[in-house]
Chemist: 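After the structure tokens below, expect a handful of questions from me.
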Amino acid sequence: MSEADKLAIAAHLHVLLRRKTGRVTDTEWMAVNVEYALEIVRFARQRAQEDNVPELAQWAARLDHAMQAASPDAERHPLADVPAQAVRQRIAPPPELPRYVGGIR
Amino acid sequence: MRAFMQWLMAMLSLSLGWCISAMAQTGPQPAQALVTAVATAPTRPALVDHGTVSAADTGWMMTATVLVLLMTLPGIALFYAGMVRRKNVLNTMASVVAIAALVSLLWFAAGYSLAFTPGSAWLGGLDRMGFAGLDFQLAAGKLAVSHVAPHIPESVYAMFQLTFAVITAALLVGALVERMRFSAMLIFIGLWSLLVYAPVAHWVWEPGGWLAQMGALDFAGGSVVHVNAGVAGLVCAWFLGRRTGYGREPFEPYNLGLTMVGAGMLWVGWFGFNAGSAVAADGRAGLAMAVTHVAAAAGALSWMLGEWVVRGRPSLLGLCSGLVAGLVAITPAAGFVTLHSAVVIGLVAGLACYWGATGLKRLLRVDDSLDVFGVHGIGGIVGSLLTGVLASETVGGVRGSLLTQAMGVGAVMAYSLIATAALLWILHLAMDLRVDAQSEQTGLDIAQHSERLGG
């Protein structure tokens with residue numbers, strides 16, 4: 001997953017957390033630091049359950065998946081999975097930045 | 001240090017003034033050669049008998065002038081104010097109103113003379129400096145006319161062109177909103193209007209201007225107004241830097257309903273802009289009006305469809321932006337193309353500007369807040385180039401050339417980029433261009449004007 005895609009997911013989660021829980025996060029740090037990102041994922045999942053906000057859990061899962069894919073352990077998988085993964089990523093639409101982040105249009 | 005900077009600014013202003021006089025007084029007088037074909041036509045602003053002007057043309061041009069001024073006040077003010085955050089709405093509106101007043105005075109003080117009187121190929125003369133000219137002598141039955149528009153009073157022509165100078169300067173507001181100091185903005189816009197807009201208008205629209213001599217086609221300002229403002233806006237946005245939180249936080253627009261009202265006024269006012277540029281109440285003006293409308297409609301629909309496909313939903317802001325994109329692109333072509341060509345120009349411009357305001361914007365990584373370059377810059381470039389391809393000799397009496405158009409647009413882009421950057425660099429030595437972080441956080445309505453939006 002590209003850096004831009006990770007940043008887009010982080011930005012979306014940042015906006016959701018601020019709106020739904022009041023928690024302010026650092027978007028750019030979330031997209032590059034696995035430890036910080038996983039802590040935000042844990043917090044988002046917790047609040048998703050407590051406050052019954054499924055959207056939060058959904059975006060936390062996306063960030064979790066993105067960061068797991070980026071970690072060195074995740075790089076080691078069977079060779080046959082590589083093209084399949086590439087095809088899956090091509091079929092899936094790229095995550096869109098939340099409205100009005102980085103541009104009005 | 002501050003005293004030294006003020007002294008430096010004064011010296012620079014004097015030097016610029018001297019350079020302008022020198023440029024204006026040197027060089028050949030090519031306008032005369034161009035107009036000799038009509039033996040009786042004036043080659044420079046002159047006094048003529050009342051009877052030589054056309055009442056119909058004069059009436060239409062006064063109407064067109066009002067329409068174009070309505071595009072700025074309140075068109076642009078509403079269009080932009082609806083897109084900024086609530087805490088910056090009044091600052092955005094105040095900027096547009098102040099620019100309209102400032103540029104109006106500067107126009108009659110110097111801008112009109114530098115743009116629309118004969119001088120060199122680079123700059124007009126000084127005949128109409130300092131509120132001079134535009135004479136009307138009731139008893140003698142005489143009035144002044146411009147050599148560019150000999151069938152209407154010079155007062156009407158100068159006012160019509162004033163509204164273009166005003167709207168071009170006002171367009172820049174979209175690139176610098178929410179972070180530029182009001183005082184710095186006024187000084188910058190005032191100087192930009194004289195040092196960038198007036199020379200470019202002379203190059204393209206005064207018969208002796210070098211781009212006019214070269215045969216570059218720009219019916220109503222595709223390069224003079226839109227490419228010029230788009231590039232200058234991009235330079236401003238780059239020079240000022242991004243707004244705090246840009247790219248991380250959503251900047252929710254205050255009220256897109258206001259933006260739609262502004263866009264509607266732009267659409268209607270553009271009939272004065274384009275059909276008025278025929279400088280006559282004739283068939284060419286009528287066709288210019290029709291192609292303007294068709295291109296706006298095509299631009300709105302193509303942006304809407306593009307957004308629908310890419311993002312899954314058509315938005316009101318997309319429709320408003322698309323119609324403006326179509327209007328911008330038809331501007332240089334309005335008096336040269338047929339209805340069919342207008343549809344093509346509108347469709348291409350809608351998609352090109354959608355890319356300009358989204359994909360290109362991400363590539364450039366510049367916080368051009370309200371997409372002045374993405375819409376006006378890209379739309380102006382597309383329209384100017386397509387004019388070279390689609391211009392009909394039957395309609396405009398001339399054939400287009402893609403190469404000439406590209407050279408014209410390139411020259412305007414280069415001059416606008418360099419002159420705007422130089423101006424901002426000099427200004428930033430003398431004053432802070434940007435508000436401090438606390439003021440930006442509070443909002444410019446309170447920080448710059450001590451006013452708050454009601455409700």
Side-chain angles (χ1 to χ4, degrees), chain A residues 1-37 39-41 43-44 47 53 55-56 58-60 62-63 66-67 89-105, chain B residues 79-80 82-85 174-175 177-178 237 242-243 245-254 256 259 303-304 306-307 309-322 324-325 350 353-375 378:
Chain A
M1 184 171 286
S2 73
E3 294 303 313
D5 289 347
K6 276 189 276 182
L7 187 63
I9 294 171
H12 210 122
L13 194 56
H14 166 88
V15 174
L16 270 178
L17 282 169
R18 211 179 67 165
R19 282 190 185 152
K20 306 288 184 188
T21 71
R23 170 80 176 251
V24 177
T25 57
D26 186 328
T27 311
E28 286 175 358
W29 189 234
M30 204 192 308
V32 295
N33 186 284
V34 178
E35 204 175 329
Y36 180 68
E39 172 55 22
I40 297 299
V41 167
F43 175 77
R47 292 300 298 262
V53 187
E55 202 181 354
L56 257 182
Q58 184 187 345
W59 280 94
R62 286 197 187 188
L63 181 65
M67 299 314 285
Q89 281 186 358
R90 205 163 255 287
I91 290 169
E96 197 179 310
L97 275 174
R99 202 76 170 113
Y100 308 130
V101 174
I104 191 168
R105 291 183 167 90
Chain B
F79 188 70
Y80 282 168
M83 285 190 273
V84 297
R85 286 169 289 179
V177 287
E178 302 197 306
R242 298 168 170 192
R243 291 166 289 176
Y246 176 80
R248 294 198 303 274
E249 297 169 13
F251 291 169
E252 301 230 358
Y254 165 61
L256 291 178
T259 299
W303 184 307
M304 182 194 78
E307 192 178 29
V309 169
V310 173
R311 193 172 277 157
R313 283 191 180 83
S315 70
L316 173 65
L317 182 59
L319 278 161
C320 293
S321 308
V324 172
C353 292
Y354 177 54
W355 170 75
T358 53
L360 179 64
K361 183 172 184 158
R362 280 193 291 274
L363 281 175
L364 293 173
R365 300 171 68 85
V366 173
D367 181 13
D368 175 5
S369 315
L370 308 181
D371 300 320
V372 177
F373 182 73
V375 176
I378 297 295

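In what follows, chains carry the letters A, B, and so on, assigned in the order in which the sequence lines appear, proteins first and then strands, with residues in each chain numbered from 1.
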Chemist: What part of B:Val375 gets closer than 4.5 Å to chain A, counting heavy atoms only: side chain, backbone, both or neither?
Modeler: side chain
Chemist: Let me know if B:Leu256 has heavy atoms under 4.5 Å from chain A in its side chain, its backbone, both or neither.
Modeler: side chain
Chemist: At a 4.5 Å cut-off on heavy atoms, which part of B:Tyr246 comes close to chain A: side chain, backbone, both, or neither?
Modeler: side chain
Chemist: Quick one, B:Lys361 with A:Arg105, criterion side chain to side chain contact (heavy atoms under 4.5 Å, CB included). Give me CA distance, side-chain angles, the key distance, then yes/no.
Modeler: CA-CA 10 Å; B:Lys361 183 172 184 158; A:Arg105 291 183 167 90; over 6 Å; no
Chemist: Need one label for B:Ser315: side chain, backbone, both or neither, based on atoms under 4.5 Å from any heavy atom in chain A.
Modeler: side chain
Chemist: Please name the pair of heavy atoms, one in A:Ile104 and one in B:Pro253, separated by the smallest distance, quoted to 0.1 Å.
Modeler: CD1-CB, 4.0 Å
Chemist: Which atoms form the tightest heavy-atom contact between B:Pro250 and A:Val15, and what is the distance?
Modeler: CD-CG2, 3.7 Å
Chemist: Taking all non-hydrogen atoms of both residues, which atom of B:Arg248 and which atom of A:His14 are closest, and how far apart?
Modeler: O-CD2, 3.4 Å
